[in-house]
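First up is the structure itself, then whatever we jot down about it.
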Amino acid sequence: MYAVYIEDLRKRFGDFEALKGVNLRVAPGEVYGLIGPNGAGKTTTLRIVATLLIPTSGKVEVFGYDVVSQASEVRRIISYLPEEAGAYRRLTGLEYLRFMASFYAKDGEELERMVEEGARISGLGGKLKEKISNYSKGMKQRLLVARALMCHPRLAILDEPTGGLDVVHAHHIRRIIKEYASAHGTTVLLSSHNMLEVEYLCDRVGIIDNGVVLVEGTSEELKERYDAENLEEVFVKVAGGA
Amino acid sequence: MRSPLATIIIKELKDLLRDPRVFLGIVVMPIIIFPIMGGAVSMAQTSTYEALKTVKVACLNLDHGQWSEELISFMDSNQQIDLIVLDAQSVQDAVAETAKLGAPMLIVIPKGFSENLSSYTPAVISTIYFVKKYSFTEPAIGDVVNSVLHEFSELVSSKLVESAAPNVNPEAVLAPFSVQEETWIKGNVVRIAPEQLIGVVLTQSIMLPVVIMVLILVAAQVAATSVAMEKEEKTLETLLTIPVSRFTILAGKLLGSVAIAGLGAVVYTAGFMMYMNAIMGPFLQALNVPVGITPLGYAIMGVSIFLTLLAALAIAITVSVFAEDVRGAQSLLGFIIILVIIPFIVLMTGDYEYFPLGLKIALFAIPFSHPILVVKALLAEDYLFTAYSIAYIAAFTVVVLYVAAKFFATEKIVTAKLTFKRKARR
């Protein structure tokens, strides 16, 4: 069984066809990176997997559950981090973690464990007692990534998890995603513009453009196939340098 | 462990109450605004009272007879009137002189005034008002002078009756009988004029709808802001992927807003009552009559307000989903505000009973009319109407909630968008 199984996925918004037949498989425990230019269809694909959008046609399953007919089962095993997501500014970091953990924990003990883990993953220490409105963008993103991982999802869907962050915060987030995924066997489906990040984090990479996944493979496979020095070069060759 | 619904409601309460806009709008504003309004109204009343303590009045006596001299000394002896007798020879000169003196009123006693009175022929006194500021004080000045002139007229009548028929009691001629006004209300006959009674009831029926209208508007703002903030900060997307039903999320948001609106209702009602007491309290206490809404009526009114609030909140939440940010939500909410204000104005200025059928149907169809209609029906003890009203508003609310829940269950909650920003901004 695949962690994520996408077959001939199409999505229309009125006259605009955002996805034109996406095919994608992610194995359990794999960290899969979806890369592509702006408007390629990355976020739409992730939103469909996260049960936010309904496919126009095609099949999307998460650990065997259909994202449309079994959306509530899917929501129990996934954790989604939207691009440029925010948190409730007037709650403290700790209150936010507790709020989110309460939807996943079965009892008070598990709730406390999740909150503790979220606090540890975020690395924000005493700052967690402050209101989120006082956080920098990097601190907020660390909190959000911690929130997404603390509830032990089988699939973490992370849309641009380090987008717009400075080097220090981006490094911290990459490190915790990598460590967490390998320690817990969590499947991660992420999108990114940062090729270095994708090379560092992902077991496999898919390049998407104009609503279609053009190529898939490990970074090494892709570099070899396209005779490129790095993933950026592969990307430019595949996506046509647009 | 709390239920997901309770968790969302508590989060909503924390988030909304910590929002300075909500806190200022719901808690601070009424506490400040209503006492200021009460203070301003009583200050205005005090200043009018002060202005009427002594009224400067000019008088042109073209008669110089017995009765005109008596009238001048009668007015002069009145402490409220500061009388200035003019030396002018014509009305025209007297008007100019009065204007120069800054007196707000000129009394002209015409030639032949005394002669007419003495010969039992009705005479005419002219009073000229100098309207300058169009303030409420100006007509009140006229009332003061008229009342003094009326008193003098009664004195003259009494003296004339006395001289014409010395054996007759002048009072029996001038006022052969008096009227004792009483009103039947709720099975009791009370010694009070109907206009006074209706005044009290109207005060109640105006006060309650004002509070209800403000409450609906505040609640709708709170709910719309709450959803728009979620959209603006993209927390809604996260919330929609948690393992909780969309209906629970909608209900949590609704009930959180209802709780805040309830707090607003208490504070606004208390503030408004303080305001009404400041300006009406002594008058209402003096009347001491069993009028107004019964405890059962208040319960019915509460149900009506609650259902209308739920409908308003469900509409506000659904509408605000179309907005990209808080500002967009406020713009969309403008349409709801119109639907709240129109029935309020129409029902405040007219009587529903006498409206044409089309207008009656339109007002009945607008859910926000109903708390006001129910208050009016309760004052008239028309419980059948309140039953119809509650049945309608309940059905309306169920439909709106159903639509809102359906809407929340679709992807439109993420994709729906109406933009109010100018494109040139980027």
Side-chain angles (χ1 to χ4, degrees), chain A residues 11 13-14 18 43-44 46-56 67-68 71-92 95-96 98-112 131-133 140 144 147-148 151 153 155 157 159, chain B residues 1-24 222 225-249 252-253 256 260 321 324-326 406-417:
Chain A
K11 178 65 186 173
F13 296 103
T43 296
T44 303
L46 297 190
R47 280 175 156 191
I48 290 172
V49 178
T51 74
L52 278 173
L53 299 179
I54 311 284
T56 305
V67 293
V68 180
S72 46
E73 281 82 1
V74 173
R75 285 176 197 141
R76 260 194 277 276
I77 56 171
I78 63 161
S79 187
Y80 173 58
L81 175 66
E83 183 186 359
E84 288 181 3
Y88 302 104
R89 286 184 299 165
R90 286 178 283 276
L91 299 188
T92 66
E95 282 174 334
Y96 178 68
R98 194 176 298 279
F99 169 67
M100 294 304 291
S102 64
F103 298 112
Y104 297 90
K106 289 181 195 75
D107 51 42
E109 210 175 298
E110 193 179 2
L111 176 87
E112 289 311 316
K131 279 192 190 161
I132 296 170
S133 56
K140 199 161 66 184
L144 292 172
R147 184 276 299 165
C151 55
L155 170 68
I157 306 159
D159 196 356
Chain B
M1 280 287 289
R2 285 195 202 108
S3 70
L5 180 64
T7 306
I8 294 174
I9 294 171
I10 290 168
K11 189 281 290 177
E12 284 293 305
L13 291 178
K14 274 185 189 169
D15 204 25
L16 287 169
L17 280 175
R18 287 176 189 174
D19 182 348
R21 285 173 293 187
V22 172
F23 188 74
L24 278 174
V222 168
T225 306
S226 145
V227 173
M229 284 287 286
E230 295 256 11
K231 278 204 100 177
E232 196 173 305
E233 299 194 8
K234 290 206 176 178
T235 46
L236 187 63
E237 284 190 30
T238 308
L239 207 56
L240 294 173
T241 58
I242 59 172
V244 171
S245 78
R246 298 278 172 96
F247 187 77
T248 304
I249 297 169
K253 292 217 144 284
I260 298 286
V321 163
E324 260 190 297
D325 49 26
V326 174
K406 280 276 163 205
F407 193 76
F408 250 67
T410 67
E411 66 175 24
K412 283 201 170 56
I413 193 163
V414 181
T415 56
K417 204 177 287 182

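Below, chains carry the letters A, B, ... as their sequence lines are ordered, and counting in each starts from 1.
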### Toward chain B, the part of A:Lys106 with a non-hydrogen atom under 4.5 Å
backbone
### Message
Within this structure, what is the CZ-CG distance for the pair A:Phe99 and A:Leu111, rounded to the nearest 0.5 Å?
### Response
12.0 Å
#### Entry: Distance (rounded to the nearest 0.5 Å) between A:Lys140 NZ and A:Tyr96 OH
10.5 Å
### Message
Other residues, nucleotides and ligands only: do more than 12 of their heavy atoms fall within 6.0 Å of CZ on B:Phe247?
### Response
no
### Query
Given the options B:Arg2, B:Glu232, B:Glu230, which has more heavy-atom pairs under 4.5 Å with chain A than any of the others?
B:Glu230
### Query
Between A:Arg98 and A:Glu112, does at least one N-O distance fall below 4.0 Å, as a salt bridge requires?
yes
### Query
Does the pair B:Glu233/A:Arg90 count as a salt bridge with the N-to-O cut at 4.0 Å?
no
### Message
Are the side chains of B:Lys11 and B:Lys253 in contact, using a 4.5 Å heavy-atom criterion?
### Response
yes
### Query
Out of A:Arg89, A:Glu84, A:Glu83, which one racks up the most heavy-atom pairs below 4.5 Å with chain B?
A:Arg89
### Task
Heavy-atom pairs under 4.5 Å with chain A are the metric here; pick the option from B:Leu16, B:Ile242, B:Ile10 that has the most.
B:Ile242
### Task
Would you mind checking which part of A:Glu95 comes under 4.5 Å of any heavy atom in chain B, side chain (CB onward), backbone (N, CA, C, O), both or neither?
side chain
### Query
Relative to chain A, which of B:Ile8, B:Thr241, B:Thr238 shows the most heavy atom pairs under 4.5 Å?
B:Thr241
### A:Ala71 portion near chain B, given a 4.5 angstrom heavy-atom threshold
neither
